[in-house]
**Q** 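Just passing along the structure, written as structure tokens.
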Amino acid sequence: MKRKLKKSSTMSLMMVLLFSVVMSACGGTTSNTASTEPAATGTDTTATTTTGTDMIKTAKVPAGSELEKALKGEYKGTKVTMYGPFVDADEQKFNASIKAFEDQTGIDIAYEGSKEFEATINVRVNGGNAPDIADFPQPGLLEGFANSGKVVDVSSFMDANYLKEQYKDSWLDMAKMKGEGGKEITAGVWARSSVKSLVWYNKKAFADASYEVPKTWDEMMALTEQIAKDGDPAWSIGIESGTATGWPATDWIEDIMLRTTTPENYDKWVKGDLPFTDPIVKNAVKKMSDIWFNKDYVYGGRSSIVTTNFGDSIQPLFTDPPKAWLNRQAGFIVSFIPEGVTADEYDWFPFPSIDEQYGTPAMISGDIYAMFNDRPEVRAVMEFFTTAESLQSWIQSGGVTPPMNGTPDDWFANDQERRMSQFVQEAKTIRFDGSDLMPSAVGAGTFWKGMTDYVSGTANLDEAMAEIQSGFKKQ
Amino acid sequence: MDVRANQGSMLKLILLSILVPALNVGLHFSIFLFFRSSDLPPVLNALLAVIWGIFGIYSIYFSLNWVVEQYSDKWKERVIPYVFVGPAVLLLGWLLFLPTLRTLYLSFFNADSTRFVGLANFGAVFTDRLLLTALRNNLLWVVFGTLACVILGMLVAVLADRSSFERLAKAIVFMPMAISFVAAGVIWKFIYYYQPGDDQIGLLNAIMVQLGLQPQGWLSMVQPWNNLFLIVILVWMQTGFAMVIFSASIKGIPEDMLEAARMDGAGEVRIFFKIMLPVISSTVLAVTTTIIVFTLKIFDVVMIMTGGQYGTEVVATEFYRQLFMYQNAGYGSTLAIVLLIAVIPVIILNLRQLQKEGSF
């Protein structure tokens with residue numbers, strides 16, 4: 001009897017252990033296989049005109065590189081895992097853009113997108129489960145991983161001259177970070193980028209109502225007032241974005257900062273030397289509040305700002321009649337414009353100048369792809385991402401401005417996209433999205449949260465600014 | 001001669017009791033190292049790990065048991081419990097106790113754990129506005145969440161006890177228990193959903209519009225009431241749990257006791273407060289402490305519904321933010337420790353109660 005009892009207790013213990021082992025094993029593998037699923041379905045929805053392998057052939061492939069070997073099919077059957085924040089439409093467009101490369105090389109790029117990317121990438125990397133390649137929309141977030149030596153230096157296998165050919169120096173400089181032991185490394189390669197300082201509007205409705213595109217801040221405020229008088233709120237604003245809620249508000253502040261103070265001050269601010277509590281920054285926030293906190297200017301009023309998803313906020317512009325008229329958002333918002341709205345129905349104008357002496361600067365952002373595991377096929381994929389061809393179908397379907405040199409004009413789907421690229425090239429001042437450059441504790445932390453608290457009324461201006469600034473001190 | 005033979009076998013036993021466990025540790029540690037550094041395909045790796053898990057555990061217990069079998073009967077009796085509980089306790093110590101100590105250690109350090117800051121993190125928890133709000137909200141959860149669950153659960157248990165559709169009523173109240181917190185969050189998101197304009201698809205706002213009132217951003221703008229809207233979700237889910245347990249213990253009250261009270265002319269309300277409640281008091285305590293621990297640790301509901309924004313942060317969500325999003329290991333660990341300290345007294349109370357009832 002006693003012996004039997006012992007046996008059954010060992011048995012049950014074994015069962016529990018077995019169960020937990022199986023569960024953890026399943027957990028690991030399912031997340032990998034699940035990520036390949038959207039890759040297969042995503043390609044169907046985006047119609048691209050280029051035929052498969054042709055577009056890879058146009059790219060300049062450095063001789064002897066892993067990319068060259070990959071294109072010859074040497075790495076057929078290998079898998080490269082990627083993790084990043086592209087979901088929904090963006091994920092589909094991304095998958096479409098790598099389809100031809102996958103077909104030709106036989107390398108499976110398994111992309112896993114997550115809305116909680118900023119919060120979870122840390123867990124994955126520090127937990128020893130880093131993806132081969134991660135896609136960082138915030139260089140500031142990548143910097144932490146670079147500092148701790150977790151990121152593979154891409155200049156260790158990519159020729160410096162080749163990189164110079166592909167990217168302008170300013171892009172390459174932005175990819176340089178301090179690696180382990182303070183040594184400078186190239187922490188990644190730039191992929192899709194976006195122009196952020198854009199205000200979108202419904203072209204047709206604008207013409208019908210005979211509104212004019214404003215050139216200055218005062219004209220824009222006058223237009224806002226005019227639309228309010230005509231019975232509509234001018235602006236549709238949404239800052240909801242899961243755990244990243246608040247980031248669209250930081251874009252506004254950055255754009256206004258660039259237009260109300262010197263670029264040098266902006267750089268100091270990004271580094272934490274010009275505190276958020278400074279009147280210069282507070283002034284920028286107040287300028288934003290002039291629009292945001294005015295019930296007549298914002299669709300749904302202040303309370304709708306924090307509850308409306310940033311992607312949904314473009315929708316009211318395209319109802320008939322429009323419920324709102326203006327939406328300030330980066331170029332990628334075209335992914336969220338309702339289906340059936342064609343390119344000749346919408347347009348954008350630059351976020352207007354506030355103070356003449358600072359002009360109309362262009363704020364840009366971009367995704368930097370960093371590499372965590374060094375294998376030949378991963379190198380090949382990274383090299384592929386330095387070519388404009390890796391973005392071709394994405395550029396064609398809209399919403400992306402390539403950071404690489406030598407993108408043919410005819411790749412752009414429409415005039416708006418081409419003008420975006422032009423706007424960046426012609427702008428006197430260009431700055432990268434400030435919050436993305438700040439340390440992640442601020443840029444992906446207190447800045448988002450502080451703005452959300454400020455807009456939802458949890459904190460007043462002084463409290464919010466002090467809390468955002470406190471993120472810098474925690475280093 | 002007997003003594004010498006005894007000594008010989010004693011020596012053999014001591015050698016065995018050292019060698020066998022050491023061999024086990026060595027063998028399994030090297031297998032562990034093999035798995036950690038192996039680059040086998042994941043499926044094969046998992047399969048081998050499963051096989052190792054089964055036979056490894058079996059071999060450890062079997063060999064240890066075999067060693068003990070060699071002992072004299074007197075010693076066998078003494079040693080055998082430790083052999084069987086020992087490995088589990090060691091494992092628990094490794095997986096639970098060490099991390100707790102490490103968290104405590106980290107809570108005295110700065111954000112990236114490079115500089116000793118003493119009690120500064122703990123000071124910050126009680127002065128930082130965000131963390132203070134988190135503490136306040138946790139208190140709201142504990143007080144209102146627990147009270148509502150216990151009172152409603154009791155009410156349903158007592159009233160359903162004498163209704164003709166007891167089963168149906170209980171089933172309906174119990175049903176939300178079966179749903180995960182995440183799913184509940186999704187369901188309730190539709191109830192509280194708010195969008196600009198007049199077309200409201202959220203249940204609560206649709207009703208507001210029908211009544212000619214202004215739709216509200218329930219979870220974001222109606223501060224600090226939005227916390228209560230979140231607590232409602234917990235109540236919706238946990239009332240069923242309280243009800244089932246209360247119901248069982250109410251049914252356990254001897255019928256003649258209640259009969260006697262009724263004969264003596266006591267009203268139903270009086271019976272409830274003077275007889276039922278004292279009899280089931282230990283159950284009430286057990287349920288209350290369980291729900292208190294639950295509310296102290298609350299995370300999923302808040303994370304799903306608001307992400308801890310709009311003044312709804314609780315200790316657990318703020319812990320997550322500080323550690324994973326702001327990468328501040330100091331504050332994160334401190335919050336975890338604060339949570340642990342808050343839970344300990346409740347757990348002790350609960351264990352004492354169980355002890356009193358002799359079930360522990």
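Within every chain, numbering begins at 1; the chains are lettered A, B, ... in the order of the sequence lines, protein sequences first and strands thereafter. Basis for what follows: all heavy atoms, side chains included, without hydrogens, waters or symmetry-related copies.
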**Q** For a 4.5 angstrom cut-off between non-hydrogen side-chain atoms, does L130(B) reach D453(A)?
**A** yes
**Q** Check whether more than 12 heavy atoms from other residues, nucleotides or ligands sit under 6.0 Å from atom NZ of K76(B), and answer yes or no.
**A**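 Atom NZ in K76(B) is crowded, with more than 12 foreign heavy atoms closer than 6.0 Å.
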**Q** Decide if atom CZ of F29(B) counts as having more than 12 heavy atoms of other residues, nucleotides or ligands within a radius under 6.0 Å.
**A**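 At most 12 heavy atoms, drawn from other residues, nucleotides or ligands, come within 6.0 Å of this atom.
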**Q** Count the heavy atoms of every other residue, nucleotide or ligand shown that sit under 6.0 Å from OH of Y82(B), and state whether that count exceeds 12.
**A**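 Result for OH/Y82(B): open.
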**Q** Measure the spacing between CG of L219(B) and OG1 of T307(A) and express it to the nearest 0.5 Å.
**A** 9.5 Å
**Q** A quick test of your reading: do over 12 heavy atoms of other residues, nucleotides or ligands sit less than 6.0 Å from NZ of K150(A)?
**A**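 Yes, enclosed.
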**Q** Output the option from T308(A), T245(A), V123(A) having the highest count of non-hydrogen pairs under 4.5 Å with chain B.
**A** T245(A)
**Q** Which residues satisfy the ring pair (Phe, Tyr, Trp, His ring centres under 6.0 Å) test with Y105(B), sequence neighbours excluded?
**A** F109(B)
**Q** Strictly by salt bridge (Lys or Arg N to Asp or Glu O under 4.0 Å), give each pair with a member in residues 313-331 of chain B just once, sequence neighbours left out.
**A** K449(A)-E313(B)
**Q** Tell me whether Y310(B) contacts the main-chain N or O of V306(A) through its side chain, where contact means a donor paired with an acceptor under 3.5 Å.
**A**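 Yes, the answer is positive, given that a donor and an acceptor are paired below the 3.5 Å cut-off.
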**Q** Could you give the distance from CD (E463(A)) to CZ (R129(B)), rounded to the nearest 0.5 Å?
**A** 5.5 Å
**Q** Would you say R78(B) has more than 12 foreign heavy atoms packed within less than 6.0 Å of its CZ?
**A** yes
**Q** Got a second to check how far N226(B)'s CG is from T458(A)'s OG1, nearest 0.5 Å?
**A** 7.5 Å
**Q** Please look at I121(A) and chain B and tell me whether the side chain, the backbone, both or neither of the residue comes under 4.5 angstrom of a heavy atom of that chain.
**A**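 Neither part.
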**Q** Please classify the contact of F55(B) with chain A as side chain, backbone, both or neither, using a heavy-atom distance under 4.5 Å.
**A**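 For F55(B), no heavy atom lies under 4.5 Å from chain A.
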**Q** Looking at OG of S303(A) and OH of Y194(B), how far apart are the two atoms once the value is rounded to the nearest 0.5 Å?
**A** 3.5 Å
**Q** For V455(A), which atoms come within 4.5 Å of any heavy atom of chain B: side chain, backbone, both, or neither?
**A**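 Contact with chain B is through the backbone of V455(A) alone.
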**Q** State the OG-CD distance between S456(A) and Q309(B), to the nearest 0.5 angstrom.
**A**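 Output value for this atom pair is 8.0 Å.
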